[in-house]
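Below, chains carry the letters A, B, ... as their sequence lines are ordered, and counting in each starts from 1. Heavy atoms only: backbone and side chains are in, while hydrogens, waters and symmetry mates are out.
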Amino acid sequence: MDFEPYEAAYPPRQLPPGALVTRIGPSPTGKAHVGTALQAVINRALADGSGGAFLLRIEDTDRERFVEGAVEDLLAALDWLGIRPDESVACGGKYGPYVQSERLPIYQAAARRLVESGHAYYCFCTPERLESVRLAQQAAGKPTMYDRHCRNLGSEQVEARLASGEKAVVRLKVPDDTEIAFDDLVRGRIAFESQTIDDGVLLKSDGFPTYHLAVVVDDHLMRVSQIIRGEEWIPSTPKHVLLYQYFGWAMPRIAHTPILRDMSRRKLSKRSGDTSITGYRVQGYLPEGLRNFLTRIVWPHPEGKDVYDHAEFVRLFKPEDLPNTGPIVDPQLLDFINGQYLRRLSPEPLYTATVDYLQFLLDLDQDITFESYHPAAPIKHTLTRSELEAFYGAFSADPAYSERVLMLEPERYKRLSDIVLNTGFFFGALFRPVDPKLLAKPLGSAEQVEALLDEYLKLYQPDVPQAEWEQSVRDLAHQAGVKDGKLFMTLRIAITGREQTPPLFEVLTILGGDEVQRRLELAAAMPVSS
RNA sequence: GCCCCCAUCGUCUAGAGGCCCAGGACACCUCCCUUUCACGGAGGCGACACCGGUUCGAAUCCGGUUGGGGGUACCA
């Protein structure tokens, strides 16, 4: 089939002047990566800001690396992030299909057109031959490139070998002694000597296109006008430039973002930790927080702000402002930004977010390890599936109660997981008797602890005003000749089981008289160990 | 090896020849607030990779060195 009908089938879009059509083209080879999230946010913003469209195209031209469930994971991750494409596999669109494996005839027609116009050629070289050529080049210290062995085969011979069913690929015919250049919105003009560019494969022997052919054909047919993609694509852009030339198509505007690095400055990869979008969700980050963070490390806000919402980003962002240095995914900044979002939530939404989060974790049906940054080694806390379930049960039993708990917490937390890890003591069902050693820590002597707790229990009265309560504690401390702070701390530990909590009086108020009394008695009855 | 990109505090950056013995934010440290933690407030530590040019004058322009990153597949 000819290529022309496809041009007619996908006519130029009717959009207002200046409207940008953007896209992301992830390949379903694993868990959705944060780098993809970054590209999605930027491309979505550009389309939003210009009144254009943003589309999601699945680039699954490598059947070997295809991972079952990867498309679903990607869709779910983007959905969680709140990034919705205007056109995609999920929602359709007029320029589909949006999965490359369903567009094979298009690429084949395109490849044929290139062969016919003399810009590409069939190659019958076996993988073995290519391998040995490469080895020889390496040994000779030369660049490893295809040696153009099949570039000048006679057309009758080609037809005959094709007719006999011999396997072949289609390769790009790269010109000699030319400069191939393009303008990158952030880096300016980038030029390559054509000798350094390989006669790359466009169509594989299984009939699938390679990335190079597929992107160019799809971007053109889907009428994409602005490409923003990762820096790792710069070296293959000359091939794309050539293809646009050979096809006679206008090249979209193009910009390359620096690629995300981990703390060791390497390209962020699976090895450097969990780089999946879902992994960040598991750790308790809010979608708004992650999104803000991602844009923040690749784009300086004109006023230097760290925290800004999507609308503000859309309004202010220009691709030219992208930096050209590789940003490091800094967990401390992420925590800071996420914490800013967390504390903006009032108790009801925070409660809802927490419950949704817990349900999400439970659906994972496994133990969860929460990690937080520490210069030496990450600090890890693992909660078993049943501990999570218990927390969920307690937390969701009485929403009004949990909201009161959350009311005094927001500025203490950076992530939703902090809530799970730190508010357990507010729930009677989760409270465990205190460790005697910890209880004795502030005052040193277990006997004194027991005596003071008994004293306190005698004068204990629920629901007294804060000032009165505070004074009674201080009086007791003076009587016993201990420092105020130590008594407060002992009570804190007896009642909450921890050394760090929100202000004690507020905790007492939330827990209620009966529960406080129960815990006090429990602590006072602790066996004296010393 | 070859090709390409990049180079300001630990991190993200401001800076587009004099306004910079370099400004902000995160992190870190100190102090204040305080019954702990957190929040908040006030301070502090901390960088123009190096070498040559150009210029009256360079973080800013040019060249080189070094360093980092990416690419080099019938992967994307």
Watson-Crick or G-U wobble partner of B:rC2, both distances under 3.5 Å:
B:rG71

May I ask you to verify if any side-chain N or O of A:Arg171 is less than 4.0 angstrom from the OP1 or OP2 atom of B:rC74?
yes

Among B:rU35, B:rC6, B:rC39, the one nearest A:Trp469 by side-chain distance
B:rU35

Whole angstrom value for the distance that separates P of B:rC3 from CG of A:Asp199:
18 Å

Would you please confirm or rule out a distance under 4.0 Å between OP1 or OP2 of B:rC74 and any side-chain N or O of A:Arg134?
yes

The Watson-Crick or G-U wobble partner of B:rA58, with both key distances under 3.5 Å, is none

If pairing means Watson-Crick or G-U wobble with both distances under 3.5 Å, then the partner of B:rA49 is B:rU65

Reckon A:Thr210 has a side-chain N or O less than 4.0 Å from the OP1 or OP2 of B:rC75?
no

Are A:Lys204 and B:rA76 close enough that a side-chain N or O sits under 4.0 Å from OP1 or OP2?
yes

Pair A:Asp176 + A:Arg148, salt bridge at N-O below 4.0 Å:
yes

It should be established whether A:Thr325 places a side-chain nitrogen or oxygen under 4.0 Å from OP1 or OP2 of nucleotide B:rC12.
no

Closer than 4.0 Å, any side-chain N/O of A:Thr144 to the OP1 or OP2 of B:rA73?
yes

Can A:Asp309 and A:Arg291 be counted as an ion pair, charged N to O under 4.0 angstrom?
no

With respect to the phosphate group of B:rU35, does any side-chain polar atom (N or O) of A:Arg474 fall under 4.0 Å of OP1 or OP2?
yes

Pick the P atom in B:rA76 and in B:rG18, then give their distance to the nearest Å.
48 Å

OP1 or OP2 of B:rA73 under 4.0 Å from side-chain N/O of A:Arg65
no

Ring-on-base stacking between A:Phe488 and B:rU35, under 5.5 Å between centres and under 30° between planes: is it there?
yes

Both distances below 3.5 Å, Watson-Crick or wobble geometry, any strand: find the nucleotide opposite B:rC26.
B:rG10

Any strand, both distances under 3.5 Å, Watson-Crick or G-U wobble: B:rC31 pairs with B:rG41

Looking for any heavy atom pair under 4.0 Å, which part of the strands does A:Asp484 touch: base, sugar-phosphate only, or nothing?
nothing

